[in-house]
Amino acid sequence: MAKFTRAAIMQTFLELLKKKSLDKITVKDVIEATGVNRNTFYYYFDNIYDLLDAAFTEEFERFIRETPEDCTFYEEYRRFARFMMENREVVFHLYHSDNQDILFRYLENAAKSLIDRFVRQAAEGIGLSDAGLSYITCFYSWAIIGNTRHWIEQGITTFDDDVIRTFSRSYEATIDIMIADYIESHPEACPRHPQP
């Protein structure tokens with residue numbers, strides 16, 4: 001029952017966030033819409049911002065759990081973009097609030113999770129160091145975050161599959177080059193590729 005109540009509060013909050021800005025949502029709004037009392041709310045959350053962080057963390061974890069194991073880079077990036085489209089009101093309201101840092105932390109975590117898996121697959125058996133994996137993952141993640149930020153600024157009005165396909169092809173065309181270049185420029189960090 002407790003798990004259900006916490007989840008219901010978070011779901012109600014996300015529904016409210018689809019309708020209005022974070023700055024205009026109060027604890028009173030959440031408890032009235034959920035049908036719980038104030039004590040119940042504060043049993044689970046410290047305030048609206050704690051609720052926001054918990055709701056986004058839960059959404060991120062759900063997104064990761066639902067990742068198909070055999071999907072391609074394009075399919076996973078497309079799934080991420082579809083998720084953004086389906087939640088565009090929430091994203092848009094949060095982006096225009098004083099707490100957009102939570103949105104970008106979520107985007108960063110989601111992008112890194114998306115990319116990390118594919119970088120590790122591409123580097124499997126090559127001996128790329130953890131620092132190399134991190135660098136390459138961040139490189140592609142920030143490209144996705146930049147594209148997503150631009151998309152949000154444009155109002156998330158359309159789903160442009162061509163952009164996703166083009167980015168995916170760019171990733172596929174450059175990932176092996178990125179790995180090889182990192183190993184060449186950091187041989188001391190890649191134990192299977194010692195300096196000559």
Side-chain angles (χ1 to χ4, degrees), residues 49-50 52-88 90-91 94-95 97-154 156 159-196:
Y49 305 105
D50 184 39
L52 174 66
D53 194 35
F56 266 68
T57 298
E58 179 67 28
E59 286 297 302
F60 170 70
E61 290 172 356
R62 184 174 63 81
F63 181 85
I64 297 306
R65 281 193 309 270
E66 293 174 358
T67 301
E69 286 188 27
D70 60 346
C71 68
T72 65
F73 184 95
Y74 162 74
E75 290 166 342
E76 185 64 353
Y77 188 10
R78 192 171 193 275
R79 191 173 76 91
F80 173 73
R82 281 267 177 232
F83 179 82
M84 294 292 290
M85 276 293 289
E86 289 165 5
N87 294 280
R88 64 182 168 272
V90 171
V91 170
L94 194 52
Y95 178 75
S97 78
D98 292 334
N99 295 90
Q100 64 174 235
D101 59 312
I102 292 175
L103 171 64
F104 286 109
R105 188 168 68 242
Y106 169 80
L107 290 176
E108 182 177 350
N109 287 339
K112 282 183 177 176
S113 177
L114 187 161
I115 296 289
D116 179 72
R117 176 176 156 212
F118 292 99
V119 171
R120 287 182 185 279
Q121 284 176 0
E124 193 172 347
I126 293 176
L128 184 63
S129 67
D130 288 342
L133 288 167
S134 177
Y135 169 76
I136 294 169
T137 296
C138 286
F139 178 86
Y140 289 108
S141 296
W142 283 105
I144 285 180
I145 293 167
N147 280 339
T148 305
R149 184 172 189 141
H150 177 71
W151 191 32
I152 294 168
E153 288 168 356
Q154 301 300 311
I156 319 180
F159 181 84
D160 193 343
D161 193 62
D162 187 54
V163 169
I164 296 166
R165 192 174 299 280
T166 300
F167 186 92
S168 300
R169 286 179 177 157
S170 297
Y171 166 82
E172 290 162 2
T174 59
I175 183 61
D176 291 338
I177 296 167
M178 287 283 291
I179 292 170
D181 183 69
Y182 189 89
I183 289 171
E184 184 179 329
S185 60
H186 299 83
E188 74 288 350
C190 300
R192 290 193 194 165
H193 296 272
Q195 297 181 50

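For reference, positions follow the sequence shown, starting with 1.
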Scan Tyr140, Tyr171, Phe80 and name whichever one has a ring pair (Phe, Tyr, Trp, His ring centres under 6.0 Å) with Phe73.
-> Tyr171

Evaluation steps, salt bridge (Lys or Arg N to Asp or Glu O under 4.0 Å), between Asp161 and Arg165 = CA-CA 6 Å; Asp161 193 62; Arg165 192 174 299 280; 3.3 Å; yes

Compare all side-chain heavy atoms of Val119 with those of Met178 and state whether any distance is below 4.5 angstrom.
-> no

Got a donor-acceptor contact below 3.5 angstrom from the Asp181 side chain to the Ile177 backbone?
-> no

Verdict with reasoning, Leu128 to Tyr182, per side chain to side chain contact (heavy atoms under 4.5 Å, CB included) = CA-CA 8 Å; Leu128 184 63; Tyr182 189 89; 3.6 Å; yes

Can you measure from CD1 (Ile179) to CG (Leu133) and round to the nearest 0.5 angstrom?
-> 8.0 Å

Heavy-atom closest pair, residues Ala143 and Phe167 | CB-CE1, 3.5 Å

Worked check of salt bridge (Lys or Arg N to Asp or Glu O under 4.0 Å) between Glu76 and Arg79 = CA-CA 5 Å; Glu76 185 64 353; Arg79 191 173 76 91; 3.0 Å; yes

Exercise: identify the closest heavy-atom pair between Ser141 and Thr137 | OG-O, 2.6 Å

Calculate, to the nearest 0.5 Å, the distance between atoms CD1 and CD1 belonging to Ile144 and Ile115 respectively.
-> 3.5 Å

Phe139 atom CZ, over 12 foreign heavy atoms within 6.0 Å = no

Mind checking whether Tyr95 and Glu153 have side chains closer than 4.5 Å, heavy atoms only?
-> yes

Glu184, CD: over 12 other non-hydrogen atoms inside 6.0 angstrom = no

Criterion side chain to side chain contact (heavy atoms under 4.5 Å, CB included) on Thr148 and Ile145, from CA distance to verdict = CA-CA 5 Å; Thr148 305; Ile145 293 167; 5.6 Å; no

Whether Arg149 side chain and Gly146 backbone form a donor-acceptor pair below 3.5 Å | no

More than 12 foreign heavy atoms under 6.0 Å from OH of Tyr74: is that the case here?
-> yes

Which atom pair, heavy atoms only, marks the closest approach of Val90 to Phe56?
-> CG1-CZ, 3.9 Å

Between the OG1 atom in Thr67 and the CG atom in Leu114, the distance rounded to the nearest 0.5 Å is 7.5 Å

Arg88 versus Ile156, closest heavy-atom pair with distance | CD-O, 3.3 Å

Can you list the steps and then say if Asn147 with Tyr77 is a side chain to side chain contact (heavy atoms under 4.5 Å, CB included)?
-> CA-CA 12 Å; Asn147 280 339; Tyr77 188 10; 3.8 Å; yes

Test item: Arg117 side-chain N/O and Glu69 main-chain N/O as donor-acceptor pair under 3.5 Å = yes

Any donor-acceptor pair under 3.5 Å linking the side chain of Ser97 with the backbone of Leu94?
-> yes

Any idea which heavy atoms bring Cys71 and Pro68 closest together, and the distance?
-> SG-O, 3.3 Å

Is any NZ, NE, NH1 or NH2 atom of the basic residue among Arg65 and Glu58 found under 4.0 Å from an Asp or Glu carboxylate oxygen of the other?
-> yes

Working to the nearest 0.5 Å, report the span between CG of Asp116 and CG of Asn109.
-> 11.5 Å

So, does Thr166 use its side chain to make a donor-acceptor pair with the main chain of Asp162 at under 3.5 Å?
-> yes

May I ask you to decide whether Arg105 forms a salt bridge with Glu108, counting only side-chain N to carboxylate O separations under 4.0 Å?
-> no

Show the numbers, then the answer: is there a salt bridge (Lys or Arg N to Asp or Glu O under 4.0 Å) between Glu75 and Arg78?
-> CA-CA 5 Å; Glu75 290 166 342; Arg78 192 171 193 275; over 6 Å; no

